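Here the structure is a predicted model, which is why all the values come from computation and not from measurement.
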Amino acid sequence: MTVISEPGLEELAKRVDDAVAALADLDPKARAVAEELKAALEAVHRAGLVTMVRRMRADDAARAVLFELVDDPVVHLLLSLHEIIRPDPVTHANRVLASVRPQLQSHGGDVTLVRVEDGTAYVRLEGACNGCSMSSATLRNLVEQALVEGVPAIGAVEVLPNEPSPTLIPIEALRIGSATARDGWAMVGPASGLADGDVTVRSLTADSGEHADVILVSVDHRLSAYRNECAHEAMPLDNAVLDADSGTLTCPWHGFCYDASSGECLSAPGAQLEQLPLRVDDGDVWVRVRG
């Protein structure tokens, strides 16, 4: 019996690249038809994949199989192409910075990634990188070029001050009820409705239009809010396991474990859930969905 081997990742990727390149040689009408066919097929595939992933996530026995499949390079590529899973830009950015850090340090400088948000990497520069000389500008350009070219999710780099100057806040803005204070904030609901020792999932939209999918974690009646994305591969944390005794939150996808109160990753030091500002005003919980 003849055994037919399945094509590998490189072969499949090359076929896709060749087909996309061939589209440029078609006349406009034929290219439009081909691109519409491609879009229609991708929509069908994505709908089917989303259904399968949701069903497998909901089944205890199938969930473990799904976790294994996500680690397969071809399956991971397929799910990434359809934006069912997304690469973790923070981890990717830190790896890129590690590659340029020796060059920075050889000139007496260094860089720290603070966060990645809406396609912008926010960094702090130290030592020789943080001056005004020509060599300092060269080092800053090195960091920006490495991140923008090395991380597809990053399109811009912003350098944060090492010692931010104090900001005076008008007394009328200290209460969430004022229009100024509500800007970027979304109300979750009564604090009494958030059970202690539980994870609550919410999709929030502020009056100003900013939106975020968040999880709220309550440990010993202390509330924390995070974007609903694991720092590993940005997978949703809807079914995350909260251990109130140890104060840990575990991602249901690949088992990454976090400090439930701070968001610090205990499985991979340096990773972090994106924590969102939270406050309670007149018994209602508010979360700032805009950074």
* Carboxylate-amine/guanidinium contact R101 D110, below 4.0 Å -> yes
* Min side-chain heavy-atom separation W286-P277 under 4.5 Å -> no
* Is it true that R115 and E117 make a salt bridge, defined as a side-chain N closer than 4.0 Å to a carboxylate O? -> yes
* Asked: In Å, rounded to the nearest 0.5 Å, how long is the span from CZ of R46 to CG of L41?
  -> 15.5 Å
* Residues forming a side chain to side chain contact (heavy atoms under 4.5 Å, CB included) with T112, sequence neighbours excluded -> E126
* D238 and V201: which non-hydrogen atoms are nearest, and at how many Å? -> CA-CG2, 3.8 Å
* Structure fact -> Minimal heavy-atom distance between A225 and V287, with the atoms involved, is CB-CG2, 3.9 Å
* Indicate yes or no for a side-chain donor-acceptor contact from D220 to the backbone of R222 under 3.5 Å, with no hydrogens or angles considered. => no
* Keeping the roles fixed (side chain from S224, backbone from S261), state whether a donor-acceptor pair exists under 3.5 Å. => yes
* Can you check side chain to side chain contact (heavy atoms under 4.5 Å, CB included) on V157 and V123, steps first, answer last? -> CA-CA 7 Å; V157 177; V123 301; 4.0 Å; yes
* Asked: Looking at CZ of R15 and CD of E11, how far apart are the two atoms once the value is rounded to the nearest 0.5 Å?
  -> 7.0 Å
* To do: Check the pair R124, V111 against side chain to side chain contact (heavy atoms under 4.5 Å, CB included), reporting the backbone distance first and the verdict last.
  => CA-CA 6 Å; R124 284 198 173 95; V111 60; over 6 Å; no
* Asked: With distance as the sole test, does Y226 use its side chain to make a donor-acceptor pair with the main-chain N or O of A260 at under 3.5 Å?
  -> yes
* Does R63 pair with D60 as a salt bridge, N-O distance under 4.0 Å? -> yes
* Would a 4.5 Å heavy-atom cut-off, applied to side chains only, mark D243 and T250 as touching? -> no
* Pair E42 + K38, salt bridge at N-O below 4.0 Å -> yes
* A206 to V289 - nearest heavy-atom pair and separation -> CB-CG2, 3.9 Å
* To do: For W253 and P236, indicate whether the former's side chain and the latter's backbone hold a donor-acceptor pair under 3.5 Å.
  => yes
* To do: Using the side chain to side chain contact (heavy atoms under 4.5 Å, CB included) rule, take V217 and V219 through it: C-alpha gap first, then chi angles, then the decisive distance, then the call.
  => CA-CA 7 Å; V217 181; V219 178; 4.0 Å; yes
* To do: Taking all heavy atoms of A231 and all of L273, pick out the closest pair and write down the distance.
  => N-CD2, 4.0 Å
* Structure fact -> Rounding to 0.5 Å, atoms CD (Q272) and CG (D259) come to a distance of 8.5 Å
* **Heavy-atom side-chain contact between L97 and L147 under 4.5 Å** => yes
* Taking atom types as modelled, find out whether D196 and S218 have a side-chain donor-acceptor pair closer than 3.5 angstrom. => yes
* To do: Measure across H211 and T205 and return the closest heavy-atom pair with its distance rounded to 0.1 Å.
  => ND1-OG1, 2.9 Å
* Test item: D213 side-chain N/O and N228 main-chain N/O as donor-acceptor pair under 3.5 Å -> no
* Do the ring planes of H232 and H254 sit parallel (below 30°), tilted (30 to 60°) or perpendicular (above 60°)? -> perpendicular
* Asked: Going from CG on L142 to CG on L104, what distance comes out if it is rounded to the nearest 0.5 angstrom?
  -> 5.5 Å
* Structure fact -> For H45, the ring pair (Phe, Tyr, Trp, His ring centres under 6.0 Å) test, sequence neighbours excluded, returns none
* Out of curiosity, L204 CG to W185 CH2, how far, rounded to the nearest 0.5 Å? -> 11.5 Å
* Give, for atom CG of L223 and atom CG of L278, the distance between the pair rounded to the nearest 0.5 Å. => 5.5 Å
* Verdict with reasoning, R288 to L276, per side chain to side chain contact (heavy atoms under 4.5 Å, CB included) -> CA-CA 6 Å; R288 187 173 179 85; L276 300 174; 5.8 Å; no
* With side chains defined as the heavy atoms from C-beta onward, is the minimum distance between T120 and I154 less than 4.5 Å? -> no
* Please assess D27 against R31 for the test salt bridge (charged side-chain N to carboxylate O under 4.0 Å, His left out), listing each intermediate value before the final yes or no. => CA-CA 6 Å; D27 63 79; R31 184 164 62 249; over 6 Å; no
* Asked: Can you find a pair of side-chain heavy atoms, one from D284 and one from V188, that are under 4.5 Å apart?
  -> no
* Heavy atoms from other residues, nucleotides or ligands near CG of D18 exceed 12 (cutoff 6.0 Å) -> yes
* Structure fact -> Looking only at heavy atoms, the pair that brings L249 and A240 closest together is CD1-CB, 3.7 Å
